[in-house]
Visitor: 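Can you read through this structure? Questions will come right after.
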2 protein chains.
Amino acid sequence: MSDKNCGTGTSSGSGKKTSQRQQQSFQKKQAVIVKKASKLFIKKGYAQTSMRDISKATGINLGNLYYYINSKEEILCLAFNTYHAAMNEALEQKGILDIADPVEQLKAVLRQALENTYDFKDDILMMYRETRVLPRKIMKATLEKEGEAIKLFEDIIIRGNQSGVFRVHDPFFAANMIVLQLSLYSLRRWNLGDYTREEYLDLAEETILKSIIPETV
Amino acid sequence: MSDKNCGTGTSSGSGKKTSQRQQQSFQKKQAVIVKKASKLFIKKGYAQTSMRDISKATGINLGNLYYYINSKEEILCLAFNTYHAAMNEALEQKGILDIADPVEQLKAVLRQALENTYDFKDDILMMYRETRVLPRKIMKATLEKEGEAIKLFEDIIIRGNQSGVFRVHDPFFAANMIVLQLSLYSLRRWNLGDYTREEYLDLAEETILKSIIPETV
DNA sequence: GCTTAATGAAAACGAACGTTTGTATTATTA
DNA sequence: TAATAATACAAACGTTCGTTTTCATTAAGC
């Protein structure tokens, strides 16, 4: 399941006779590898992180690493799935996608997105930096996921325009801008470190909302 | 001059006895190397671009490349100087830094910055991606240059606040947001390709201004 | 004409890389 | 307990990397 969008084939561990307990422990170990490797990718960059680094960080023997993953690239792919999965799950679970009123929905989506982008700041920065490394196919899939997030905002803005509460010239453009703005903390943490999480969330929410609903704030 | 902030020592070509013509041709060739290498860095990434690639692209023999530059890293450093230099030159030459009225100055700086970020979209994207590769010292210097751009906007907003024409809660935060927004086209070109240059510039200017001067637009 | 700079081609360097292999060890199952 | 599958490990593979070196040639400056 975890390599549905990654890698080229099944890893050695997903043979037929494996019990459920074994599969679980296999996936758990794979997740550990991805998590630890992600931290290294974030700190040093993908190209500057060697499989030997990952071996040391996980405590798993270099050769044995390849029992759990097919390639270094696959680790990056698996790492890329973390963020959007968490975001979509949060939106669904909280029923934010079903809010009818455009203003309320915009505020709810925005708040959730800001919280997620803040908490995944490192992963997002890594995604900005390392997208190019992904194989073409997976890169496209990743950009498409981002495109869905943009479309979500675009649709809300269009609905707000229709009901007369927004007056945004170009909803598509505005949506693109918002999704970029969501990455503020990822891309400017070196300059924004003095704000607390809550300070940042409030300020960002206010700033972004003001460009869509100027009169309300 | 060109390696004032890069590399560790003087290259072979900048010895004492070299004539002015020789120095000029030396620097010209160095600039060609940096330019061609930049294109490769943009297309394939720094780590994925080998010195042999650069040799092929420039037509300069691999060993001979090291006559003009000290290291691969130095090429990246020199490439990083392109953008901010162009921006500062434009601001000075057009006298934008001397505009007294905050609204007029904001508009002028914004327009100039938008034009520059559009024209240097590839270089900026590369900077986002490859900053980490730079040696610590030069990375700091680069972030400081970005910090100056932020401060420029911050000061304008503060002046606008004082004269009562803006009402921005946190000028520092707003300035950071603006400078991020300037990178929209660099970071979202894959989604914004359908806009012409002028369409993009107008839309971006309007969107950014609206968050600072909501009532005017 | 002598010296020095510039250009070119080729080979070599040691280091580091991702990945594979063969073999050992441990756990599970029948 | 014997057989089988899952996991672990060390060593090695072949390649590529940034960089240096060597040698030969042409152009320019005093």
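Each chain gets a letter, A, B and so on, in the order its sequence line appears, and its residues count up from 1. In this text the structure is predicted, and so the values were computed from the model without any measurement.
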Visitor: How many Å lie between CZ on A:F26 and P on D:dA8, as a whole number?
Guide: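 Rounded to the whole Å, the gap is 11 Å.
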Visitor: Any idea which heavy atoms bring B:Y195 and B:Y185 closest together, and the distance?
Guide: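 What the structure gives for the nearest pair is O-OH, 4.2 Å.
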Visitor: Identify, residue by residue, the members of residues 41-61 of chain A with a heavy atom below 4.0 Å from DNA chain C, and return them in order of residue number, or none.
Guide: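 Hits under 4.0 Å, by residue number: A:T49, A:S50, A:M51, A:R52.
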Visitor: Round to a whole Å and report the spacing from CD of A:E73 to P of C:dG18.
Guide: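 In whole Å, C:dG18 P lies 12 Å from A:E73 CD.
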Visitor: Can you tell me if B:K29 touches the phosphate of C:dA5, counting only side-chain N or O atoms and a distance under 4.0 Å to OP1 or OP2?
Guide: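 No.
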Visitor: About how many Å separate NZ of A:K44 and CZ of B:R132, when rounded to the nearest 0.5 Å?
Guide: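 Interatomic distance, B:R132 CZ to A:K44 NZ, rounded to 0.5 Å: 10.5 Å.
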Visitor: Just how far, in rounded Å, is P of C:dA5 from CG of B:N64?
Guide: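 After rounding, the gap between these two atoms is 14 Å.
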Visitor: So, B:Y128 versus A:Y128, ring centres under 6.0 angstrom or not?
Guide: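 No, they do not, as the ring centres are separated by 6.0 Å or more.
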Visitor: Look at the side chain of A:S211 and the backbone N and O of B:K210, then say whether any donor-acceptor pair between them is shorter than 3.5 Å.
Guide: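 Not confirmed, A:S211 side chain does not pair with B:K210 backbone.
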Visitor: Let me know the distance between NZ of A:K28 and P of D:dT7, rounded to the nearest Å.
Guide: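 The answer, rounded to whole Å, is 13 Å.
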Visitor: Using every non-hydrogen atom in the two residues, find where A:M126 and A:I42 come nearest and quote the distance to one decimal.
Guide: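 Scanning both residues, the minimum pair turns out to be CB-CG1, 4.0 Å.
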Visitor: Rounded off to whole Å, could you give me the CG-to-P distance for the B:L65 and D:dG18 pair?
Guide: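 Those two atoms, CG and P, are 11 Å apart.
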Visitor: For B:L62 and D:dT22, give me the distance from atom CG to atom C1', rounded to whole Å.
Guide: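 Going from B:L62 (CG) to D:dT22 (C1'), I get 14 Å.
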Visitor: Side-chain N or O of A:Y68 less than 4.0 angstrom from OP1 or OP2 on D:dA8?
Guide: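 It does, given that an N or O in the side chain of A:Y68 lies less than 4.0 Å from OP1 or OP2 of D:dA8.
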Visitor: Please check if the side chain of A:Q105 supplies one atom and the backbone of A:I96 the other of a donor-acceptor pair under 3.5 Å.
Guide: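 Yes; at least one donor-acceptor contact below 3.5 Å.
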Visitor: Between atom CG in B:N70 and atom P in D:dT19, what is the gap in whole Å?
Guide: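 The distance from CG of B:N70 to P of D:dT19 comes to 9 Å, rounded to the nearest Å.
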Visitor: At less than 4.0 Å, is any side-chain N or O atom of B:Y66 found next to OP1 or OP2 of D:dT20? Yes or no.
Guide: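 Answer no for this pair, as no side-chain N or O of B:Y66 is under 4.0 Å from OP1 or OP2.
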